[in-house]
Protein chains: 2
Amino acid sequence: MAVLNSPTRSGITSADPQRAGERPVETRWDIIELLFFAYRDFVGDPDHVLEEFGFGRAHHRVMHFVYRYPGLNVADLLEVLRITKQSLGRVLKQLLDEGYIVQKAGDADRRQRLLFATAKGEALVGKLAGLQTDRIVRALRGLDASGAEAVRKFLLGMIDHDDPDKVLEAILRADGKMVKA
Amino acid sequence: MAVLNSPTRSGITSADPQRAGERPVETRWDIIELLFFAYRDFVGDPDHVLEEFGFGRAHHRVMHFVYRYPGLNVADLLEVLRITKQSLGRVLKQLLDEGYIVQKAGDADRRQRLLFATAKGEALVGKLAGLQTDRIVRALRGLDASGAEAVRKFLLGMIDHDDPDKVLEAILRADGKMVKA
DNA sequence: AATTTAGGACAGCCATGTTGACATATCTTG
DNA sequence: CAAGATATGTCAACATGGCTGTCCTAAATT
């Protein structure tokens, strides 16, 4: 039987140059670890389903953003995923070949290949998003409206806002509107 | 210039069997995407530092849990990371060879190799945790105490509580105590 | 007409995940 | 004590999904 030692209590403090001289910030081991476990389980649900389809996480990410932003072009998709053309090419080719995504030449610029999810693709995205939504809704139970709003603000605050890709920009814009509405 | 279409508004609804017959739950695209971007940036900070050390994310995860739970044995580490012995072996060997971690035979069971971070290891973990803490603290600014508590509850609620590994169990126990205190 | 851009495709490398087999030391049990 | 179970380490081999660099075509831009 392994007996687990208590978590370390250390004096490790902030490296934020903006806060030099101020009262040091205690390391947020709690949030760091909660985020690790939360994300692990959050992506774990889809992983099982994807396996049945012979797909991986990379396919999920591509399908998700193509479905959500219909007509997305390849360059913007590369930016949001932060991967290279080659890496994207591999999974995108599979999704095209197996009929989850279709391409359409751009209207203004016919070099562009705009991406759209097919009905088959939508079904897959919906299945995966359903699992994740269930988990989110469960986690939000027990929080009131202001608690849920705090969660949104927190997640938004965790994101780098400088030099956003086109998709992130759209999300940030939409979020700004939501607050006012 | 690519013009991004608006996000899809679909009728995709919950797959939660517990909610069959009830009002369908709207897909939480907002939280799904916020989590994606938040986690991307959350792990992005450490990634840059790790590169300078010739390490990857796998090394970070190992170092983190070894530092936080001193004397952790290999079996428990495998469980929390959810990887195989072989995968762990590769990165653990490097961390041992380069003096970031040391092993000690178990006291009660001398087959066990209990793991401890060296001063060098602690320094690395501290640097990485500092970056992540800075981001977390920034994200929590603008939230009051009840908002921060909502964030903790949400993250906790996102985690599977059945069949927890030893490390997660310790965290859940600690969290229970915190609520009362 | 020349250059740039959007996208695709090639070869090949690396990190990190997987399985299965097997070895050693040690603990537990009949 | 002998036998079996357990903790760990190690080897070979493979898959996925990152990466780089090069080169190609078609279409847009200058």
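Chain letters run A, B, ... following the sequence lines, proteins first and then strands; every chain starts at 1. Keep in mind the model is a prediction, meaning the values are calculated, not measured.
In this structure, the side chains of B:Q132 and A:T27 stay at 4.5 Å or more apart for every pair of heavy atoms.
For B:F154, the ring pair (Phe, Tyr, Trp, His ring centres under 6.0 Å) criterion is met by no residue, not counting sequence neighbours. Not counting sequence neighbours, the partners of A:Q86 by the side chain to side chain contact (heavy atoms under 4.5 Å, CB included) test are A:T84. Residues satisfying the ring pair (Phe, Tyr, Trp, His ring centres under 6.0 Å) criterion with B:Y39, sequence neighbours excluded, are A:Y39, B:F42. With sequence neighbours excluded, no residue forms a ring pair (Phe, Tyr, Trp, His ring centres under 6.0 Å) with A:H60. B:K120 meets the side chain to side chain contact (heavy atoms under 4.5 Å, CB included) test with B:Y100, B:T118; sequence neighbours excluded. A:F116 is linked by a ring pair (Phe, Tyr, Trp, His ring centres under 6.0 Å) to nothing, counting only residues two or more places apart in sequence or in another chain.
Between B:D163 and B:R82 there is no salt bridge, since none of the side-chain N atoms of the basic residue sits less than 4.0 Å from a carboxylate O of the acidic one. Between A:D97 and A:K93 there is a salt bridge, since a side-chain N of the basic residue sits under 4.0 Å from a carboxylate O of the acidic one. Salt bridge annotation for B:R40-A:D165: present, with a cationic side-chain nitrogen under 4.0 angstrom from a carboxylate oxygen. Looking at B:D160 and A:R135, a side-chain N of the basic residue comes within less than 4.0 Å of a carboxylate O on the acidic one, giving a salt bridge.
Each of A:A108 and A:T84 lies near DNA chain D, and the nucleotide nearest A:T84 is the one positioned closer to the 5' end. Judged by closest nucleotide on DNA chain D, B:V74 is the one of B:V74 and A:R113 placed further toward the 5' end.
An end-to-end axis angle of 20° holds for the helix from C:dA1-D:dT30 to C:dG30-D:dC1, taken from five base pairs per end and rounded to 10°.
Of the residues in residues 88-107 of chain B, B:R90 come within less than 4.0 Å of DNA chain C through at least one heavy atom, sorted by number. Scanning residues 37-49 of chain A for heavy-atom distances under 4.0 Å to DNA chain D yields an empty list. Using a 4.0 Å cut-off on heavy atoms, none of the residues of residues 52-62 of chain A approach DNA chain C.
Among residue pairs with one or both ends in residues 47-64 of chain B, those qualifying as salt bridge (charged side-chain N to carboxylate O under 4.0 Å, His left out) are B:D47-B:R57; sequence neighbours excluded.
Atom CG of B:L78 and atom P of D:dT10 are 13 Å apart (whole Å). Separating the CG atom of B:L72 from the P atom of D:dA7 is a distance of 14 Å, rounded to the nearest angstrom. Regarding A:D109, its CG atom lies at a distance of 17 Å from the P atom of C:dT4, rounded to whole Å. One can place CD of B:Q86 at 12 Å from P of C:dG17, the figure rounded to the nearest angstrom. Rounded to whole Å, atom P of C:dT24 lies 14 Å from atom NZ of B:K85. In this structure, A:L115 atom CG and C:dA6 atom P are separated by 15 Å, rounded to whole Å. If you measure from atom CG of A:N73 to atom C1' of C:dT5, you get 12 Å, rounded to the nearest angstrom. B:L114 has its CG atom 11 Å from the P atom of D:dG9, to the nearest Å.
Put simply, the side chain of B:D41 never gets that close to the backbone of B:G44: no donor and acceptor are under 3.5 Å apart. A donor-acceptor distance shorter than 3.5 angstrom exists from the side chain of B:H59 to the backbone of B:G56, with no hydrogens or angles considered. Judged by distance alone, the side chain of B:T133 and the main-chain N or O of B:A129 form a donor-acceptor pair under 3.5 Å.
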For nucleotides 4-6 of chain D, tabulate all protein N/O to nucleotide N/O atom pairs closer than 3.5 Å, reporting atom names and distance.
residue, atom, partner, partner atom, Å
D:dT6, O2, B:R111, NH1, 2.3

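The only option from A:D76, A:V167, A:V62, A:V91 that meets the side chain to side chain contact (heavy atoms under 4.5 Å, CB included) definition with A:L81 turns out to be A:V62.
For C:dT16, neither phosphate oxygen OP1 nor OP2 lies less than 4.0 angstrom from any side-chain nitrogen or oxygen of B:S87.
You'll find the ring centres of B:W29 and A:Y67 inside the 6.0 Å limit.
Looking at the side chain of A:R110, the nearest of the listed nucleotides D:dT8, C:dG17, D:dA27 is D:dA27.
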